[in-house]
Amino acid sequence: MKNYTSLQSIQADLHAGYITCRQLVEFYLQNIAEKNTQLNAFLKVFDQEALAKADEIDQKIKTGNAGKLAGMVIGIKDLLCYKDHTSTAGSKILGGFESQFNATAVQRVIDADAIIIGSQNCDEFGMGSTNENSAYGACLNAVGTNRVAGGSSGGSAVAVQADMCLASLGTDTGGSVRMPAGFCGLVGLKPTYTRVSRWGLIAYASSFDCIGPITKSVEDAAILLEIIAGKDEQDSTVSRLEVPQYSAFDTTHKTLKIGYLKEAVESAGLQPEVREATWAKLEALKAAGHVVEAVEFPLIKYFLPTYYILTTAEASSNLSRFDGVKYGHRSNQATDLMSMYKKSRAEGFGKEVKRRIMLGTFVLSASYYDAYYTKAQKVRRLIKDYTDQLLSEYDFLVCPTTPTTAYKIGEKTSDPIQMYLGDLFTVQANVVGLPAISIPNGVDNDGMPIGFQIMGGAFQEKALLSFAKSLY
């Protein structure tokens, strides 16, 4: 069977009778059987369920009442709740926990007849840029198996990259959809904050977390967002704005005004091949008739400090619920209530999660709250205001998705600061709550993929997707 790159081509062959959903699922299951032992992209595979669902959808296709996603075999990040299945957030603290309900985004893809084939590896609670912080082992890049997949949705990206499913649902707190998409040569979309319900997403940092698709094509990212976006009575923070038809792309040629972040594109820390690929893309935009200008962002040096102060503070609060009392891991070494709390959390959480909880607790402490947390909230507002001002002058802001291509396994783990710097260009979209997409932009001298990031205005995903499609 050929390696499909879009739902449209799959559905064309399904309706022509060339393939069936069962054959598709069998194809992906075969790839998982051959590749997953090495790549470690899937934590659990729902083989019998997926085959049964495929048979059900084959019947729906015959009767002409199949849903929009019929033929899409999809994986879900282990941070998303899936009823009667384990949802561990890549952590031992939730070992054995089975969800009692579906996340809204998961329920919506099921209702549209997508086939969920398995749950995918991720950095523990979404905390990481390489997928090396998972309690269940690192996920490896399928292009170079000595390289990281990117994080935290590394398993979700590699599963698509290695043809183990057509698409994945990941989560993005500071680039966790876009970074692995960039490292794996895929399309990764982070929607506007509140565009997609967070009900059923195991929280890392609630004011940053977003659910987004990882796909091989912009078209599939658009159709998935169309399905999962929209109001939800279970989530009081979700937007009630009408969901546009994202998959109906605007193909009219318009002269756009595009700003590239000067500090990012001209950064001394940029890998030479990434710089060359980015300049080539900017020149191609100029050749297509668009206005391309450098924009200065003097607050760029505050992106990461603001992001890490606020997200660790929120993580400290969100992860306090994992205490060994109600569900998940409980230490068998406990002798009283206090030792149960301490030992369960000490045994259940990994090193990076403990680091961020402690940092978050520190910045929220009475002595340092105003010095760190309050100040970071003020800086977040300044970054948002400056970004909004730029987007009132430019249609889109662009830059590389990451400063380098995928690192070698273990290269950054000994120095957390160097690891955090990998998020430098992606965290802005989460700090300000705006949509951003990563699309492939060639490869480096070792054949590792390079990503190109585009950020747009609030709830402007339709324009963002149409522009991305014109480029890829």
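- Using a 4.5 Å heavy-atom threshold, the side chains of K53 and I57 count as touching.
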Side chain to side chain contact (heavy atoms under 4.5 Å, CB included) between T104 and D235, worked out: CA-CA 9 Å; T104 297; D235 182 356; over 6 Å; no

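- A salt bridge is absent between D250 and K462: the closest approach of a Lys/Arg side-chain nitrogen to an acidic carboxylate oxygen does not fall below 4.0 angstrom.
- Using modelled atom types, no side-chain atom of E98 and backbone atom of G96 make a donor-acceptor pair closer than 3.5 Å.
- For T63 (side chain) and K60 (main-chain N/O), a donor-acceptor pair under 3.5 Å exists by modelled atom type.
- Listed here is the closest heavy atom pair of V109 and L169: CG1-CD1, 4.2 Å.
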Intermediate values then yes/no, side chain to side chain contact (heavy atoms under 4.5 Å, CB included), R195 and E461: CA-CA 10 Å; R195 179 72 286 187; E461 284 89 351; 3.9 Å; yes

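- The distance from atom CG of L43 to atom CG of N121, rounded to the nearest 0.5 Å, is 4.5 Å.
- At a threshold of 4.5 Å between non-hydrogen side-chain atoms, the residues L391 and L397 count as touching.
- Side-chain contact check for T405 versus E273: every heavy-atom pair is 4.5 Å or farther apart.
- In this structure, a donor-acceptor pair under 3.5 Å is absent between the side chains of Q460 and D395.
- A donor-acceptor contact under 3.5 angstrom links the side chains of E226 and S247, judged on distance only.
- Using modelled atom types and a 3.5 Å distance limit, the side chains of Q120 and S168 yield a donor-acceptor pair.
- The side-chain heavy atoms of L319 and M127, taken from C-beta on, include a pair separated by under 4.5 Å.
- Counted by atom type alone, Y4 and D13 present one or more donor-acceptor pairs between their side chains at under 3.5 Å.
- Few gaps surround CD on E34; more than 12 heavy atoms of other groups in view lie less than 6.0 Å from it.
- If you check the side chains of K77 and S156, you find no donor sitting under 3.5 Å from an acceptor.
- Side chains of K412 and T130: a donor-acceptor N/O pair is absent below 3.5 angstrom, by distance only.
- Of all heavy-atom pairs spanning A157 and L186, the tightest one is O-CD1, 3.2 Å.
- N40 places a side-chain N or O within 3.5 Å of a backbone atom of A138 that can act as its donor or acceptor partner.
- Taking 4.0 Å as the cut-off between side-chain N and carboxylate O, D446 and R147 count as a salt-bridged pair.
- Between S153 and C122 the shortest side-chain heavy-atom distance does not fall below 4.5 Å.
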Residues E352, R356; criterion salt bridge (Lys or Arg N to Asp or Glu O under 4.0 Å); working and verdict: CA-CA 6 Å; E352 182 62 27; R356 298 195 194 195; 2.7 Å; yes

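- Side-chain contact between Y82 and S99 is absent, with no heavy-atom pair separated by less than 4.5 Å.
- S197 and D232 share a side-chain donor-acceptor pair at under 3.5 Å.
- Here F452 and Y472 keep their ring centres 6.0 angstrom or further from each other.
- The two residues R198 and D209 come nearest to each other via the heavy atoms CD-O, 3.3 Å.
- Using a 4.0 Å cut-off between a side-chain N of Lys or Arg and a carboxylate O of Asp or Glu, E26 and R22 qualify as a salt bridge.
- With hydrogens and angles left out, the side-chain atoms of E132 and T413 include no donor and acceptor closer than 3.5 Å.
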Criterion salt bridge (Lys or Arg N to Asp or Glu O under 4.0 Å) on D388 and K384, from CA distance to verdict: CA-CA 6 Å; D388 287 343; K384 176 168 174 53; 3.2 Å; yes

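- Closest approach of P400 and V274 over heavy atoms only: CB-CG1, 3.7 Å.
- Using a distance-only test at 3.5 Å, with no hydrogens or angles considered, no donor-acceptor pair links the side chain of D78 to the main chain of S87.
- In terms of heavy atoms, V25 sits closest to A50 at CG1-CB, 3.8 Å.
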Stepwise salt bridge (Lys or Arg N to Asp or Glu O under 4.0 Å) check, E242 with K231: CA-CA 8 Å; E242 184 180 349; K231 62 183 180 181; over 6 Å; no

Side chain to side chain contact (heavy atoms under 4.5 Å, CB included) evaluation trace for R178 with K190: CA-CA 7 Å; R178 289 160 289 146; K190 174 223 170 286; 3.6 Å; yes

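- Note that the CD1 atom of I117 and the CG atom of L29 stand 4.0 Å from one another [nearest 0.5 Å].
- Salt-bridge annotation for K469 and E219: present, with a side-chain N of the basic residue lying under 4.0 Å from a carboxylate O of the acidic one.
- S239 and T194 share no side-chain donor-acceptor pair at under 3.5 Å.
- Using the six-membered ring where Trp is involved, F467 and F396 have ring planes that are parallel, under 30° apart on the 30 and 60° scheme.
- Donor-acceptor pairing under 3.5 Å is lacking for the side chains of D220 and S6.
- Judged purely by atom type and a 3.5 angstrom limit, T426 uses its side chain to pair as donor or acceptor with the backbone of D423.
- Of the possible polar contacts, one joining the Q11 side chain to the K68 backbone as a donor-acceptor pair under 3.5 Å is found.
- Listed here is the closest heavy atom pair of G422 and P403: O-CD, 3.8 Å.
- At least one cation-pi condition fails for R321 and F125: the charged atom is not both under 6.0 angstrom from the six-membered ring centre and inside a 45 degree cone around its axis.
- F425 and F303 have their aromatic ring centers separated by at least 6.0 angstrom.
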Residues T215, V160; criterion side chain to side chain contact (heavy atoms under 4.5 Å, CB included); working and verdict: CA-CA 7 Å; T215 61; V160 178; 5.7 Å; no

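- Side-chain contact between F322 and I202 is present, with at least one heavy-atom pair separated by less than 4.5 Å.
- Side-chain contact between C165 and F42: present, with at least one pair of heavy atoms (C-beta onward) separated by less than 4.5 Å.
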